[in-house]
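See structure below.
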Number of protein chains: 2
Amino acid sequence: MDLSSVEIFLAVASARSVTKAAKAVGRVPSNVTTRVQQLEEDLGVVLFSRDGKKMTLTREGETFLAYSNRLVVLALEARQAVRPVVPSGTLRVGTMESTAASRLPAALTQFNQMWPEVSLRLTMGASRDLARDVLNGALDCAFIARPPASMLEQDVAFDAELKSLEAEAVFIEDLLIVLPSGHPQITSAADLRVGSLAALEPGCTYRRIAEHWASQSSSLPTTELGSYHAILASVATGDAAGVMPRSVLDLMHWPANVQTHQLGPVETLLIYRQNDRPSAFSAFQEVLSTIKVRDPRLATN
Amino acid sequence: MDLSSVEIFLAVASARSVTKAAKAVGRVPSNVTTRVQQLEEDLGVVLFSRDGKKMTLTREGETFLAYSNRLVVLALEARQAVRPVVPSGTLRVGTMESTAASRLPAALTQFNQMWPEVSLRLTMGASRDLARDVLNGALDCAFIARPPASMLEQDVAFDAELKSLEAEAVFIEDLLIVLPSGHPQITSAADLRVGSLAALEPGCTYRRIAEHWASQSSSLPTTELGSYHAILASVATGDAAGVMPRSVLDLMHWPANVQTHQLGPVETLLIYRQNDRPSAFSAFQEVLSTIKVRDPRLATN
DNA sequence: CTCTCTATTCAGGAATCGAGATTTTTCGTT
DNA sequence: AACGAAAAATCTCGATTCCTGAATAGAGAG
């Protein structure tokens, strides 16, 4: 039995979708289908019932799910246990506000459980600033949003900085414009009936993407706020459109019928210096890759 | 991580030898070497220290060993847990005396632990009789010694019976002639200075192999005894040469300097009827395959 | 009914795997 | 010290598996 098949199974089980699972594990849907079928044949059991488009776990699938989680965790622990130098000291992680809120809690918890003697220092910031801090050594690694190619053309220094760092795609976010309740549906920025965009700091990639989108058909000022809670509050007043990934919006039990507009998928990158991976960082990377597979919310269109 | 690599690692760890491990898992030594190296690279750690011909576990190897056992067991449990129909009822297993003594205890224990509601009925017998009983349905499966080709040519009925059954090689035994203490070393049956061969029933394949070997250069009568203990006792009197696999001899803390002669490797087969694998039997087969990998004594030259 | 979205099937090229032959090293023996 | 046997590692070459991208089939929404 191949543990990568088990990870694929976990991804499908939590996404209840082959397509989403394929995104989550960085493979192509046909491959995911095949691996699941192989697993089913190997076990001699049907794991999913394919009713229409939905993939729902069968009873056997449910019981295998429990074992799969244990298997993957155990394999991770084995991997960590043989690490020649035990991670210790401080790991300085930079992160966007949004990632810290929606993606990191599970990973940080597991990491802390596994390596209690490593002290984690978390720094919030905008992608632009985080990249610089990783490069100059103030951070060991950071989660940033991958800037679209068009943005990098205009910010050559940023482009150069990223090129000199290692980057690994770890999450995919569905970037949204959140509209006040009652606001009519929009297809472009021209349809906006608000006075401003509510976003975080200027260095925030999400903000820059949204501003670029808005500038194509209107000229809205940006209101700068300190947190996603502040942004949502501002949207609730009725005169601002908020910018945030869907995963963050999902966290904030907001009325379900909130009106949103998709700006498209944006990858979250984990960046770090080449040839400089302290033992604590490698451990963090491994924990992250395992968590990723097992978290239902990690794949988005 | 591929669990078959982990199983190979376990085999090497317990055999402390690539060659033996290769025999145990039914692969070629070069393959075992490669898989172990892959595993080491994947984990970023050296698992064995190669001092000369010996493969000894490093400190990291030791800790990985513990996890490997848990991983393999957990995978087995997962496999068993999803079994669509829970095994129950009676499983009738036939076995040679020798297999029951040396190989089965571990497997039967684990099976009983895993499926307490299956009642195991063990029947001892000679290979020849066991095969017939499996064929006529008196047994669900049996462990027999694979008869050499020359024997099957002379016993066409036996050959036909085996051909109509499924057979899977599960162990390899090193068949020995055990000599009385003080007996000079021998290279052929002509060197024997005893009055008889001590063996089990006529249908016993080991006995027939030994008799065939003896008949080439001398004509010794065979003394038929009821158990391996009786055979050894008979050898101790000084006038008989015993026939038994090394694994059995090893069990009977006999003086270490016992004089033996190798008759060569003999495979133990698990035989069962085609298209008739009750759920309890499949479960038994799976437990067996896992146990096999983890038992130090399952590979012999 | 059509359009879209999803899972599956299919075909190819790439990568991996395993067996056997060869080489290198070690250990036991003379 | 030299030789021979045995074991691990390396190398090469088919065979298999694996992954991707394209084509297909089927379901649900408008």
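Computed from a prediction, not measured in an experiment: that's the story for all the values here. Proteins come first, then strands; the chains are lettered A, B, ... in the order of their sequence lines, and each starts at number 1.
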Looking across every strand, which nucleic acid part, if any, lies under 4.0 Å from [X] by heavy atom: base, sugar-phosphate, or nothing?
X     : answer
A:T33 : base
B:T34 : nothing
B:V28 : base

Q | Side chains of A:V287 and A:Q80 in contact at under 4.5 Å (non-hydrogen atoms) | A | yes

Q | Note, B:R27 side chain near B:N31 side chain (heavy atom, < 4.5 Å) | A |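 They are in side-chain contact.
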
Report the distance from atom [atom1] of [X] to atom [atom2] of [N], rounded to the nearest whole Å.
X     : N      : atom1 : atom2 : value
B:I8  : D:dA8  : CD1   : P     : 14 Å
B:M55 : C:dT26 : CE    : C1'   : 14 Å
B:K23 : C:dG18 : NZ    : P     : 18 Å
B:R35 : D:dT10 : CZ    : C1'   : 18 Å
B:R16 : D:dA7  : CZ    : C1'   : 16 Å
A:K20 : C:dT6  : NZ    : P     : 7 Å
B:R27 : C:dG20 : CZ    : C1'   : 16 Å
A:E41 : C:dT9  : CD    : P     : 12 Å

Out of [options], which nucleotide sits closest to the side chain of [X]?
X     : options               : answer
B:S30 : C:dT8, C:dA19, D:dA9  : C:dA19
B:N31 : D:dC18, C:dA7, C:dA19 : C:dA19
B:V18 : C:dA7, D:dC19, D:dA9  : D:dA9
A:Q37 : C:dT9, D:dA8, D:dC18  : C:dT9
A:T19 : D:dA7, C:dT6, D:dC19  : C:dT6

Q: Start with the C-alpha gap between A:F48 and A:F9, add the side-chain angles, then the distance that decides, and say whether ring pair (Phe, Tyr, Trp, His ring centres under 6.0 Å) holds.
A: CA-CA 10 Å; A:F48 294 98; A:F9 162 77; 5.6 Å; yes

Q.
Check the phosphate of C:dA7 against A:S17, side-chain N and O only, distance under 4.0 Å to OP1 or OP2. Yes or no?
A. yes

Q) Want to settle it: does A:Q38 or A:D51 sit nearer the 5' end of DNA chain D, counting the closest nucleotide to each? A)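 It is A:Q38, whose closest nucleotide lies nearer the 5' terminus.
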
Q. Roughly how far, to the nearest 0.5 Å, is CD of B:E286 from CD of B:E77?
A. 12.0 Å

Q | Nearest atoms (heavy-atom pairs only) where A:T58 meets A:S49 | A | CG2-N, 3.7 Å

